[in-house]
Amino acid sequence: MKITFYGQNSLHIEMAGQNILVDPFISGNPLSKDHININDLKADYILVTHAHQDHTLDVEAIAKNTDAVIVSNYEIAMHYQEKGFSVHPMNHGGSWQFDFGKLKYVNAIHTSTFPDGSDGGIPGGFVIEGEHKNIYIAGDTALTMDMKLIPLWTKLDLAILPIGDNFTMGIDDAILASDFVDCDKVLGVHYDTFGYIEIDSAEAKKKFYDAGKDLMLLEIGASLEL
């Protein structure tokens with residue numbers, strides 16, 4: 001499994017011969033728009049955690065270029081189906097066996113509306129169980145006790161957690177979240193894109209290190225392999 005960071009919560013995941021994009025917000029991200037060309041991206045699936053613009057801006061353009069299947073909650077899936085895109089609707093607690101692995105849609109605490117004000121349903125996160133590795137993509141969320149359910153379902157190899165604070169969990173709550181999901185290897189997302197969520201990266205890494213955990217902060221376009 002190879003995971004590439006495109007800024008904010010945008011990720012590319014290669015697994016089982018499939019290309020999965022998560023929350024593509026690239027062309028409008030000042031940190032990534034000059035480094036990543038959305039027309040060059042491969043996608044068989046696009047996972048959408050919620051409807052905010054900083055998670056959905058490039059969904060339609062990429063889906064049009066790639067014929068990717070958009071996977072999200074029912075409201076978001078129907079929003080895109082009405083526009084003629086291929087979708088797979090899910091809802092909280094549900095799982096589906098895709099060709100890349102098993103996907104479970106889990107709780108998140110946040111808001112979710114499209115830029116035009118239309119309903120984006122209730123936000124969520126994803127647990128992906130691959131052939132060899134399992135990951136948790138929290139999406140935008142507060143710390144929630146529901147995270148303690150995840151280790152009952154699967155043993156994680158990586159937790160992808162928001163760390164920018166203000167709109168989501170900050171560093172201290174993300175450390176607790178890693179305890180809740182029983183995973184000490186964390187990829188930080190949703191930070192530094194704009195003023196409200198700028199962080200001190202060195203301090204963040206130190207806090208995780210002091211807690212016996214590994215916080216990875218990737219440069220735009222950089223990858224890690226599990």
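Just so we're clear, the structure is a prediction, and the values are computed from it rather than from any experiment.
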Nearest 0.5 Å, what's the [atom1]-[atom2] distance between [X] and [Y]?
X: D40; Y: I62; atom1: CG; atom2: CD1; value: 10.5 Å
X: N134; Y: W153; atom1: CG; atom2: CH2; value: 13.5 Å
X: I13; Y: D44; atom1: CD1; atom2: CG; value: 12.5 Å
X: H190; Y: D165; atom1: NE2; atom2: CG; value: 11.0 Å
X: I197; Y: I199; atom1: CD1; atom2: CD1; value: 9.0 Å
X: S178; Y: Y136; atom1: OG; atom2: OH; value: 11.5 Å

Provide the full list of side-chain hydrogen bond (donor to acceptor under 3.5 Å, both in side chains) pairs with a residue in residues 216-226, sequence neighbours left out, each pair given once.
T4-S223
[X] versus [Y]: any side-chain heavy-atom pair under 4.5 Å?
X: Y80; Y: I46; result: no
X: F85; Y: K64; result: yes
X: L47; Y: I128; result: yes
X: P89; Y: M78; result: yes
X: I175; Y: F208; result: yes
X: L187; Y: L218; result: yes
X: I70; Y: H88; result: no

Quick one about D23 and S10 (side-chain donor to acceptor, distance below 3.5 Å, no hydrogens or angles considered), yes or no?
no
Tell me every residue that passes salt bridge (charged side-chain N to carboxylate O under 4.0 Å, His left out) with [X], counting only those two or more places apart in sequence or in another chain.
X: D184; answer: K213
X: D182; answer: K155
X: K133; answer: none

Do the rings of F167 and F194 sit parallel, tilted or perpendicular, given the 30° and 60° boundaries?
perpendicular
Parallel, tilted or perpendicular: which fits the ring planes of H55 and H50, with parallel below 30° and perpendicular above 60°?
tilted
Kindly give the cluster partners of Y209, where membership spreads through any ILVMFWY side chain lying under 4.5 Å from a current member.
none
For the pair [X] (side chain) and [Y] (backbone), establish whether a donor and an acceptor sit closer than 3.5 Å, ignoring hydrogens and angles.
X: T168; Y: T141; result: no
X: S112; Y: A51; result: yes
X: N9; Y: D140; result: no

Derivation of the ring pair (Phe, Tyr, Trp, His ring centres under 6.0 Å) call for F100 and F98
CA-CA 5 Å; F100 59 81; F98 290 91; 5.2 Å; yes
Carefully, step by step, assess Q8 and N29 under the rule side-chain hydrogen bond (donor to acceptor under 3.5 Å, both in side chains).
CA-CA 8 Å; Q8 194 65 344; N29 182 344; 5.4 Å; no
Within a 6.0 Å radius of atom CD on Q97, are there more than 12 heavy atoms belonging to other residues, nucleotides or ligands?
yes
Same cluster or not: are V189 and M1 linked, directly or through other Ile, Leu, Val, Met, Phe, Trp or Tyr residues, by side-chain heavy atoms under 4.5 angstrom apart?
yes
Listed once per pair and sorted, the salt bridge (charged side-chain N to carboxylate O under 4.0 Å, His left out) pairs that draw on residues 188-211, sequence neighbours left out
D172-K207, K206-D210
